[in-house]
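All remarks here apply to the structure that follows.
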Amino acid sequence: MTAPISGPTDLSGTTAVVTGAAGAIGRATCAALAREGSDVVATDVTHDGLDDAAARVEAHGREATTVRADVTDPDAVARLRARATDAGDVGIVATVHGVVSRADLSAMTLDEWRRQLDVNLTGTMLVVQAFWEDLREREYGKVVCVGSVAGQVGGVISGPDYVASKAGVHGLVRWLARNGAADGVYANAVAPGPVWSPMTEDEPGYDDGMTPLNRLGEPEDIAEAIVFLSGQGSNWITGTVLDVNGGISI
C-alpha cells in the first residue's frame with residue numbers, strides 16, 4: 001500500500017494502548033494522546049498511578065480503561081489485548097514501560113541481566129506481538145517504543161544490561177518498520193535522555209548540566225514525541241529512533 005501523506009494530528013476514533021502508564025512518562029503520554037482525541041487503555045504491573053492516568057484521559061473527555069498486566073507474562077498480555085480490543089479500535093501501541101539499571105559489569109548478576117532484558121526488551125516484543133496482526137488487518141497503525149539514549153551511545157550513567165535491552169528495542173523497531181510497512185504499520189522509537197521522575201529523582205549523577213540545553217527532561221518532553229510519532233504528522237516516518245535528550249548525544 002502507499003503511505004498516506006502527513007497532516008495535522010487527529011486521533012479521534014482511535015484507541016491507544018499505553019504500557020508503563022502508571023509511571024510519570026506513561027501518565028503524561030496518556031494525557032497527551034487523549035488531548036488529541038484518542039481513547040486510552042492504560043496498563044502497568046501495578047495499580048498505583050493507573051487511576052491518575054485514567055483521570056488525565058477523562059479530563060480531555062475521552063474514555064479510559066485500566067488494566068493491571070505484567071508485560072513479561074504472555075497470559076497477562078493476552079488478557080490485555082482482549083480488554084483493549086473490547087474497548088475500541090486499537091490503532092496505537094505505545095510501550096512506555098521499563099526498568100533502569102546502574103549495574104557495573106564486574107558485579108552484575110545473571111538475574112540482573114535477565115530482568116533488564118525480560119522487562120525492557122521481551123516485554124516490548126510481547127506487547128507488540130499481541131497487537132501486530134490487528135494493526136496489519138486495520139491497514140494503518142502506529143507502534144511507538146520507548147528506547148533510550150543509552151542504547152544509542154553505549155550508556156551515559158546506566159549499566160550494560162540496560163544499554164543492551166534498549167539497543168535491542170531500537171533493533172526490534174527497525175524490524176517492525178521494515179516488515180509492517182506494506183500493511184500500513186509504522187514503528188518508531190523515542191530515545192529519551194535523563195528525565196526527572198520518581199524513578200530517577202534519587203539517582204546520583206543527575207544534574208541539569210548534563211545536557212547542552214541545560215536541563216533534564218520532563219515527562220511531557222517524551223510524551224509529546226510519542227504523540228507526534230502516533231499521529232498523522234509522522235506519516236512518512238518509520239524505522240526511526242528519535243533522540244529526545246536535550247542534545248546529550250551531540
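- Residues D70 and T72 bring a donor and an acceptor atom of their side chains to less than 3.5 Å of each other.
- Scanning all heavy atoms of the two residues, the minimum distance from D89 to G13 falls at CB-O, 4.1 Å.
- Checked by atom type, the side-chain pair K142/S234 shows a donor-acceptor distance below 3.5 Å.
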(request) Give the intermediate values and the outcome of side chain to side chain contact (heavy atoms under 4.5 Å, CB included) for residues V18 and R27. (result) CA-CA 9 Å; V18 180; R27 282 177 284 162; over 6 Å; no

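- In summary, E112 and R115 do not engage in a salt bridge, as defined by a charged side-chain N under 4.0 Å from a carboxylate O.
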(request) Show your working on side-chain hydrogen bond (donor to acceptor under 3.5 Å, both in side chains) between T109 and D111 and close with a plain yes or no. (result) CA-CA 5 Å; T109 68; D111 283 345; 5.4 Å; no

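- The aromatic rings of W132 and W175 are tilted relative to each other, their planes meeting at an angle between 30° and 60°.
- Results of the side-chain hydrogen bond (donor to acceptor under 3.5 Å, both in side chains) test with N120 over S101, S165, S148 single out S165 as the only residue that passes.
- In this structure, OH on Y140 lies 8.0 Å from OG1 on T14, to the nearest 0.5 angstrom.
- Distance alone, capped at 3.5 Å, is enough to place a donor-acceptor pair between the T85 side chain and the A82 backbone.
- D51 CG: 12 or fewer foreign heavy atoms inside a 6.0 Å radius.
- When each of T19, D44, T43 is checked for a side-chain hydrogen bond (donor to acceptor under 3.5 Å, both in side chains) with H97, only T19 meets the rule.
- Here the rule is salt bridge (charged side-chain N to carboxylate O under 4.0 Å, His left out) with R81, and of D75, D134, D86 only D134 fits it.
- Shortest non-hydrogen contact noted between W113 and P160 is CZ3-O, 3.9 Å.
- A continuous path of hydrophobic side-chain contacts links V90 to V185 [ILVMFWY only; heavy atoms under 4.5 Å].
- Listed here is the closest heavy atom pair of V241 and A191: CG1-CB, 3.7 Å.
- Under a hydrophobic-cluster definition in which Ile, Leu, Val, Met, Phe, Trp and Tyr are linked whenever side-chain heavy atoms come within less than 4.5 Å, directly or via other members, L50 and V40 are assigned to different clusters.
- Contact between R102 and S158 at its shortest, heavy atoms only, is CD-CA, 4.3 Å.
- Taking the side chain as every heavy atom from C-beta outward, I237 and Y186 never approach each other to under 4.5 Å.
- Rounded to the nearest 0.5 angstrom, K166 NZ and L117 CG are separated by 11.0 Å.
- More than 12 heavy atoms of other residues, nucleotides or ligands sit less than 6.0 Å from atom CZ of R35.
- Cluster membership for V144 and V227, using ILVMFWY side-chain heavy atoms within less than 4.5 angstrom, is shared.
- For T95 against V128, the heavy-atom pair with the smallest separation is CG2-CG2, 4.3 Å.
- A salt bridge links R56 with D52: the closest approach of a Lys/Arg side-chain nitrogen to an acidic carboxylate oxygen falls below 4.0 angstrom.
- M210 and P194 make their closest contact through CE-CG, 3.7 Å (heavy atoms, listed as atom of the first residue, atom of the second, distance).
- Linking Ile, Leu, Val, Met, Phe, Trp and Tyr whenever their side-chain heavy atoms come within less than 4.5 Å leaves F228 and V17 in two separate clusters.
- Crowding of L110 atom CG: a count of heavy atoms from other residues, nucleotides or ligands under 6.0 Å exceeding 12.
- From D161, atom CG reaches atom CE of M108 across 5.0 Å, with rounding to the nearest 0.5 Å.
- For R62 (side chain) and E58 (main-chain N/O), no donor-acceptor pair under 3.5 Å exists by modelled atom type.
- Here the rule is side chain to side chain contact (heavy atoms under 4.5 Å, CB included) with V244, and of V190, V149, V195, V146 only V190 fits it.
- By the 4.5 Å heavy-atom criterion applied to side chains, E63 and V57 are not counted as neighbours.
- The CE atom of M125 sits 10.5 Å away from the CG atom of L176 when rounded to the nearest 0.5 Å.
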(request) Determine, step by step, whether R83 and R79 satisfy the side chain to side chain contact (heavy atoms under 4.5 Å, CB included) criterion, reporting the C-alpha distance in whole Å, the side-chain angles of both residues, the deciding distance to 0.1 Å, and the verdict. (result) CA-CA 6 Å; R83 289 283 304 279; R79 291 191 293 270; 5.6 Å; no

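- Looking at D243, its side chain never comes within 3.5 Å of a backbone N or O of N245 through a donor-acceptor pair.
- Although no hydrogens or angles enter the test, the distance criterion places no donor-acceptor pair under 3.5 Å between the side chain of R68 and the main chain of T46.
- Side chains of S230 and L33 form a contact here, defined as non-hydrogen atoms less than 4.5 Å apart.
- A distance of 9.0 Å separates CG of D73 from CG of L126, quoted to the nearest 0.5 Å.
- For E224 (side chain) and A32 (main-chain N/O), no donor-acceptor pair under 3.5 Å exists by modelled atom type.
- Atom-to-atom distance recorded for T124:OG1 and D118:CG is 11.5 Å, nearest 0.5 angstrom.
- The same ILVMFWY cluster, assembled from side-chain heavy atoms under 4.5 Å apart, contains both V93 and V41.
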